[in-house]
Each structure stands twice: as structure tokens, then as C-alpha cells.
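What follows is a single structure, written as C-alpha cells, with notes after it.
So you know, we letter chains A, B, ... as the sequences are listed, proteins then strands, and number each from 1.
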Amino acid sequence: MSTLEIRDLRAGIGGKEILRGVDLTVASGEVHAVMGPNGSGKSTLAHVLMGRAEYEVTGGSVTIDGVELLGLPTWKRAHAGLFLAMQYPIEVPGVALDEALRESFAASGRDAGEVGDLLVKEAARVGLDPELLSRAINVEFSGGEKKASETVQLAVIRPRFAVLDEIDSGLDLDLLRAVSRRVEAQTSEDALGVLAITHYNRLLHELRPDTVHVLVKGRIVTSGGPDLPEELERTGYAAYGEDDAPATSAPGRAAADDPFA
Amino acid sequence: MGPTGAGRPLFRERYPLSTFTADASAALPGPAWLRARRVEAYERFAAAPLPTEAEEIWRYSRIGALDLDAFAPVTGDDGPVPEGVPDELVPLLRATGEHSAMVLVRNGRIALAHLDPALAARGVYVGSLADAPDGADLLGSVAGPVDAFVSLSTAFVSEGLLVRVPRGVVVPHPVVLLHWVDVPGAALFPRLVVQAGESSQVTVLDHIGSPAGVAVFVAPVVELDVADNANAGYLAIQELGRDAWQIGYHASRVGADATLTSSIVALGGSYARVRTDSELAGRGGTSNLLAAYFGDGEQMHDFRTLQDHAAPRTTSKLLFKGAVEDESHAVYSGLIRVRKGAAGTDAAQTNRNLVLDAGARADSVPNLEIEENDVRCTHASAVGPVDEDQRYYLEARGVPPEVAERLIVLGFFDDVIAHRSAPVPALRPLLRAAVAAKLGRDARAVPPGGGGPGGRLSGDE
């Protein structure tokens with residue numbers, strides 16, 4: 001049983017504070033969702049947790065079972081048990097997924113020889129073309145293939161906690177179900193703790209969260225049970241000083257590869 | 001005072017015997033035509049001053065630091081040529097796999113030569129250029145005296161190599177040419193003429209190497225004549241030691257509907273320059289020009305290219321990719337020229353450079369000169385560090401930063417090394433390993449005269 005604990009996390013970019021004291025606790029096997037209007041700091045939270053260089057942390061702490069992550073470089077956070085499925089997975093020309101994961105396994109003392117079989121097995125579970133496993137990461141992948149690949153990596157790496165940053169964008173309904181089922185299985189079979197950042201309710205229909213948090217202007221303004229998203233859909237974020245509402249369809253940014261747009 | 005007979009060269013004098021004098025040039029052995037050509041080239045060389053960095057085509061180069069007097073042409077006979085393949089070249093030969101011909105040239109002299117007899121029976125020739133009956137017509141038939149070093153190279157050329165494939169003949173495996181230079185202070189002038197006859201197919205692997213700690217000067221000249229409808233591959237691997245200077249010239253002429261794919265992998269040398277001129281001389285011809293170069297320590301790699309479209313409907317695709325670490329320096333300067341009448345030209349020129357350390361530098365200068373309207377020309381050039389986003393992505397998957405950098409740099413070079421039409425694909429793992437060995441290697445940690453040049457092709461993969 002592990003705990004990811006975020007306490008009074010403050011961070012920004014270019015001198016502008018975006019996260020203004022975030023508190024969140026995720027335990028093994030739990031699914032937490034973070035919703036919020038555009039610009040509330042959802043993606044900043046994801047990258048600050050993973051340690052992306054351009055963000056400055058100005059206060060607070062992030063621990064897994066008491067081990068402080070904020071002073072660690074990104075790759076050591078990964079080895080400490082944290083995984084980030086990116087909203088916009090980055091293309092890495094000339095580097096194949098199997099090659100990268102073999103290096104990841106080797107660096108953490110795991111048997112790199114297992115990577116090939118694990119990848120093939122996990123690709124089959126979400127319907128990712130196995131050809132893509134030995135091709136350059138995310139290069140010429142469709143939006144759906146990118147997200148499926150993130151899910152496959154999550155399953156192969158088996159972290160203790162996963163931050164899913166809008167893993168639902170770019171997915172058609174079938175793939176959304178496959179991805180959600182795979183993540184759900186990992187929470188029950190492997191006690192994966194999940195922090196799912198999303199702008200859409202449709203992910204939450206598939207990946208039923210235990211707790212839903214609403215992030216507005218860099219703070220968690222309310223938390224509730226699985227019914228909170230439905231309520232937000234009716235009332236919007238107005239109660240929290242925002243007139244935006246959770247999207248039932250895709251927002252403009254992901255429109256290009258979202259069939260629901 | 002030199003020998004007079006034609007045929008196999010006779011080396012009468014001991015090395016090192018002279019600097020670059022007219023007498024030294026005239027004294028070199030060989031058939032009468034070759035000796036006459038040397039004299040003529042020497043006159044051309046002597047008539048003009050050495051180039052300086054003030055000339056655009058030598059801008060950014062280290063030409064001002066060249067001390068030619070520190071080197072002397074190897075003309076002497078220091079006993080029998082050692083016949084064995086130097087240990088350093090064994091992994092390369094093994095990785096190449098089957099070959100149709102192999103020639104080993106040690107210090108300018110042919111030490112070993114082998115050609116598949118079945119190909120010899122079909123008229124394929126792989127061997128001494130000096131010995132070829134029509135050698136006089138072939139030497140300089142593609143490579144003109146574009147600068148003082150081409151003239152110098154001709155003035156002191158030894159016997160040279162000729163690869164000739166008659167019309168319609170397909171050479172199934174690579175022709176492997178190995179140049180090894182290990183005489184301290186030697187100046188060597190390798191010459192290669194490849195004649196790919198009409199509708200023929202041939203791939204030539206041309207390796208040059210020297211041991212670490214041995215100061216040498218090499219000015220190779222390569223002449224690739226790709227006749228109509230022929231398909232020729234040429235892979236030059238440069239693994240000179242860190243005390244070597246190279247000023248090379250690769251000239252090619254591509255006939256109608258012919259295809260040349262030329263690739264350079266340059267890892268060694270102190271200052272190593274290659275000028276590549278490819279003339280698209282026949283309608284529908286294609287020239288694919290690739291290069292991968294990686295400098296560390298204080299190395300400098302210097303490339304000048306000309307894609308010369310002289311006929312209609314011709315295609316040239318150039319992709320040169322370089323990396324610099326430590327205090328090394330890379331220069332790329334290229335020109336696409338589309339001559340009047342070369343309508344329908346399709347030309348692309350791409351140069352990308354990774355700068356891995358703050359003290360390293362890369363210059364990239366693309367140019368176009370277009371005298372025709374109906375053309376498609378693109379050029380792209382980039383100089384920059386390893387992409388932070390790419391590194392972040394890999395790190396987020398648990399890949400340590402130095403491993404992430406290695407993967408990204410190898411991936412960067414894969415565009416060239418694993419290019420779908422790259423000659424001698426069997427060498428891909430070995431070339432990748434050689435690039436990987438350059439990474440993060442601290443040049444200062446190598447003891448004087450010890451170790452090999454960074455990234456020497458060695459070991460198995």
C-alpha cells in the first residue's frame with residue numbers, strides 16, 4: 001500500500017504562479033480525477049509532478065511513501081514509481097519504444113529481456129499495431145495510436161502512480177473503452193493509483209473515479225464523489241468564479257484528432 | 001633518377017625523402033602517361049598559391065593552420081608491403097560480410113587484391129589504375145582540378161585504384177577498398193576511379209584509416225562515373241587518427257536515368273574536409289548524397305557540396321547530419337546549381353547539426369543558384385542542442401539523461417546510417433556502435449598516443 005501525497009504545491013512558469021497551493025492524496029488502487037476550466041493549471045500540475053525543467057517549483061512537497069520527489073530529476077521520479085501519460089506525447093525521431101523501455105528497465109535493475117514480450121502482449125490488449133513498437137516513438141502516429149502507446153507503456157512499466165493528462169483526447173469511443181479498461185484493470189490487479197486529469201466527462205463514464213477534484217486558478221476548490229462531474233455539467237464552474245463548463249465534446253485544441261469534435 | 005618502366009610501380013627511394021618539390025613528383029614511378037600527368041599537375045599546383053580562409057569556399061576552414069612542410073610524400077620502398085589486414089580493420093571486414101572484390105592499400109601501395117573470378121571473366125576490373133590500359137583517359141575524367149589540393153593530389157598520386165563494371169553487369173556484393181596509413185609524417189594521395197557502365201550495378205565501400213598518434217596528411221580524390229541507367233552506391237568511411245589531416249574531393253557524374261547513392265561517415269581526423277560535387281549530366285538522373293559526421297575533442301569536420309543540375313528532369317537529394325561535442329567544430333556549406341536547360345529539376349538540400357556541448361560549434365551555409373524556371377528546390381538547415389522535450393519524454397519513462405542523449409543522437413544519425421538506400425546496409429550496427437562510442441567520450445582522458453580515434457569501428461554487435 002503506497003501513498004502519493006501532494007502538499008501545498010506551488011509552481012509556475014516564467015515568473016507567473018500557476019499552482020497556488022495544491023493538496024491531494026492518492027492511495028494505491030484509487031482513481032482520482034482532476035477537472036477544471038482551461039488555464040486552471042491541470043497540465044502544469046502533471047508536468048510539475050514529473051519534473052519538467054521549464055516549470056519552477058516555489059513551495060510545497062510531493063512524496064511517495066514519504067520519499068520527496070521534488071528534488072529528484074525526472075527519470076528518478078519515474079523509478080520512484082511515478083508515470084505521466086502525456087496529453088501531447090512527444091515525437092522522438094529515431095528512437096524506438098522497445099529500445100527506450102529496455103534502457104528504462106536496465107536503469108532500474110529490471111530484466112530488459114522481458115520488454116519485448118511485455119510490449120507485444122500489452123499492445124494486443126489495447127489494439128495497438130505491434131509494428132509501432134519498433135518504430136520511432138510517436139513519429140507519424142495517429143492521435144489514437146499515441147494515447148494507446150502511452151497506455152501500453154504504463155502497463156509495461158507498472159508504476160505505483162500514474163498521472164493521466166487528458167489521455168482521452170484523440171481517442172474514439174472504442175479506443176477510449178479499451179484504454180479505460182486497461183487502466184482500470186491495473187488499478188485493481190496491480191493497485192495502481194491514478195490521477196486522471198480531464199476536460200471531458202466521457203472519460204469519467206468509463207474510468208469511474210473514487211474522488212473528483214475541481215481545480216480552479218491553481219487551487220483545488222472542491223472535491224466530491226463520482227456524481228460531481230454531472231453536477232458540474234449542469235452548473236459549470238460559475239460557483240468557483242469561472243463561467244466555463246466541463247466539455248461533453250472536445251474543445252478546439254484537440255479537435256483535429258478527436259472524432260467527437 | 002626515377003624508374004622508367006611502366007606497369008607495377010617500383011619504389012627506389014626510402015621514405016621520408018622529400019617535401020613537395022617538382023623533382024619529388026617527377027621521381028615517382030609509373031607508366032609514362034601517369035608521370036606526364038603528375039608533372040603537368042605539379043605545374044598547376046606550383047603556379048597558384050594555397051587557398052586561404054578569405055575565399056568563400058574555404059571560409060571557416062582550418063586551411064591557415066595547415067603546415068604542408070610537416071609532411072612528405074611516401075615514395076620510398078621500405079621493404080615488402082605487409083600483406084595482412086591490419087587488426088583495426090578486421091571488424092569492418094567481418095561486418096561487411098560477403099564481398100565481390102577487396103583491395104587493401106597500405107601507405108599508398110596495393111598490399112592485397114582480390115576479385116571474384118566470375119566477375120573478372122565478365123570484364124569487371126578492380127585494381128591498379130596505373131596498370132589499366134586506358135588509365136590516361138580515366139584519371140581526371142570526372143574530377144577536374146577544382147583547387148590546389150586536387151592538383152597536388154594528382155602531382156603525387158601513387159598508382160590509384162580503378163573499379164570498372166562493364167555495361168549490364170551486376171556486381172552482387174560490395175567492392176571493399178581499404179586504405180591504411182601508418183607512416184609518421186606521410187602524405188598520401190589516394191585516387192579512386194569508379195566506372196559504372198551503362199545499366200550496371202555496383203556498390204563500393206571505401207574506408208580510410210590511420211592509427212592514433214600518427215600525424216599524416218591525406219588528399220584523396222574520388223571520381224564516380226555513373227553511366228546511363230546504372231545504379232551505383234558509394235560509402236566512404238573516414239576513421240583517421242586524431243593527428244591526421246584530410247582534404248578530400250569526391251566528384252561524380254550521373255548519366256541519364258542513372259542513380260548514385262553516396263554516403264560519407266566521418267568520425268576521425270584532426271581537420272577532415274571533403275568537397276562533394278555531383279553533376280547530374282543526363283536526363284532523369286538521380287543523386288542521393290548522404291553524410292554523417294561526429295566530432296569531439298578539437299576535431300573539425302568540413303563539408304562543401306555542389307548539386308549541379310545540368311540536364312532536365314534530374315533529382316538530387318542531399319542529407320548531411322553532424323554532431324559536435326567538446327570543443328569540436330563542423331562546417332557545412334552547400335550549393336544547388338540549376339543550369340539553364342535543366343528544367344524539371346527536383347533538388348533538396350538538408351543539413352542538420354546537433355551541438356552537444358557549449359564549447360562546440362557548427363556552421364551551416366546553404367545556397368541556391370537557379371537559372372531555370374520550372375524547378376523544385378528546397379533547402380533546410382538547423383544547428384541546435386538535443387531537443388529538451390525529447391529528452392524529457394524519455395526521462396519520464398525512466399531512461400537516465402545520458403542514455404536518453406545517446407538514444408536521441410543515434411536516432412538522429414539513423415536518418416543517414418539506416419537510410420533506406422544507404423550503401424552496405426550490413427554495416428549499420430557497426431556504424432551505430434562507432435557513433436555511440438564517440439558519445440560522452442572525454443577526448444582529454446585518452447593518453448597521448450594511446451587508444452584509437454574515438455568511435456573506431458570495433459567489436460561486434
Side-chain angles (χ1 to χ4, degrees), chain A residues 46-47 49-55 72-110 112 115 119 134-139 146 149-150 152-154 156-159 162-163 165, chain B residues 265 290-294 319-323 350-354 356 380 382 384-420 422 425 428-429 431-436 438-440 461:
Chain A
H47 288 299
L49 291 176
M50 206 68 227
R52 193 170 192 155
E54 55 257 49
Y55 295 93
L72 298 178
T74 295
W75 69 281
K76 286 196 172 162
R77 296 184 196 203
H79 292 300
L82 189 65
F83 180 90
L84 168 62
M86 294 189 195
Q87 181 182 6
Y88 302 108
I90 293 157
E91 295 185 4
V92 192
V95 181
L97 191 55
D98 50 6
E99 192 179 18
L101 290 193
R102 275 197 298 273
E103 295 289 357
S104 170
F105 269 47
S108 63
R110 296 167 73 182
V115 167
L119 276 172
S134 48
R135 290 233 307 260
I137 295 170
N138 295 323
V139 176
K146 285 179 184 172
S149 163
E150 297 288 283
V152 166
Q153 293 176 61
L154 169 61
V156 169
I157 291 173
R158 293 179 62 196
V163 179
D165 189 2
Chain B
V265 176
L290 303 166
Y293 45 102
F294 194 161
L319 178 62
F320 274 43
K321 298 188 91 169
T350 304
N351 173 235
R352 293 190 195 283
N353 299 276
L354 277 181
L356 302 175
V386 166
D387 186 291
E388 273 309 316
D389 289 346
Q390 294 174 16
R391 196 202 309 260
Y392 171 64
Y393 186 87
L394 294 178
E395 278 198 54
R397 308 299 132 127
V399 180
E402 67 279 4
V403 178
E405 179 168 302
R406 171 165 58 78
L407 293 179
I408 292 167
V409 172
L410 286 171
F412 172 80
F413 282 120
D414 262 358
D415 284 353
V416 171
I417 288 170
H419 191 275
R420 64 190 181 292
R428 177 184 169 186
L431 292 172
R432 273 193 123 223
V435 168
K438 295 277 281 192
L439 263 173
E461 209 189 75

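- Taking the side chain as every heavy atom from C-beta outward, B:Val386 and B:Phe412 never approach each other to under 4.5 Å.
- For the pair B:Arg397 and A:Glu150, the minimum side-chain heavy-atom distance is below 4.5 Å.
- Judged by distance alone, with hydrogens and angles left aside, the side-chain atoms of A:Thr74 form a donor-acceptor pair with the main-chain N or O of A:Gly51 at under 3.5 Å.
- The candidate with the highest count of non-hydrogen atom pairs below 4.5 Å against chain B, out of A:Arg102, A:Glu91, A:Lys76, A:Met86, is A:Met86.
- Contact count versus chain A (heavy atoms, under 4.5 Å) is highest, among B:Ile408, B:Asp414, B:Leu407, B:Val403, for B:Leu407.
- Between chain B and the residues A:Pro89, A:Pro93, A:Ala107, the largest count of heavy-atom pairs under 4.5 Å involves A:Pro93.
- Looking only at heavy-atom pairs under 4.5 Å with chain B, the residue among A:Glu103, A:Arg52, A:Gln153, A:Glu54 that has the most is A:Arg52.
- Interface remark: of the candidates A:Leu84, A:Leu101, A:Ile90, A:Ile90 forms the most heavy-atom pairs closer than 4.5 Å to chain B.
- Taking the six-membered ring where the residue is Trp, A:Tyr55 and A:His47 present parallel rings, their angle staying beneath 30° rather than reaching 60°.
- Looking at B:Glu388 and B:Arg391, a side-chain N of the basic residue comes within less than 4.0 Å of a carboxylate O on the acidic one, giving a salt bridge.
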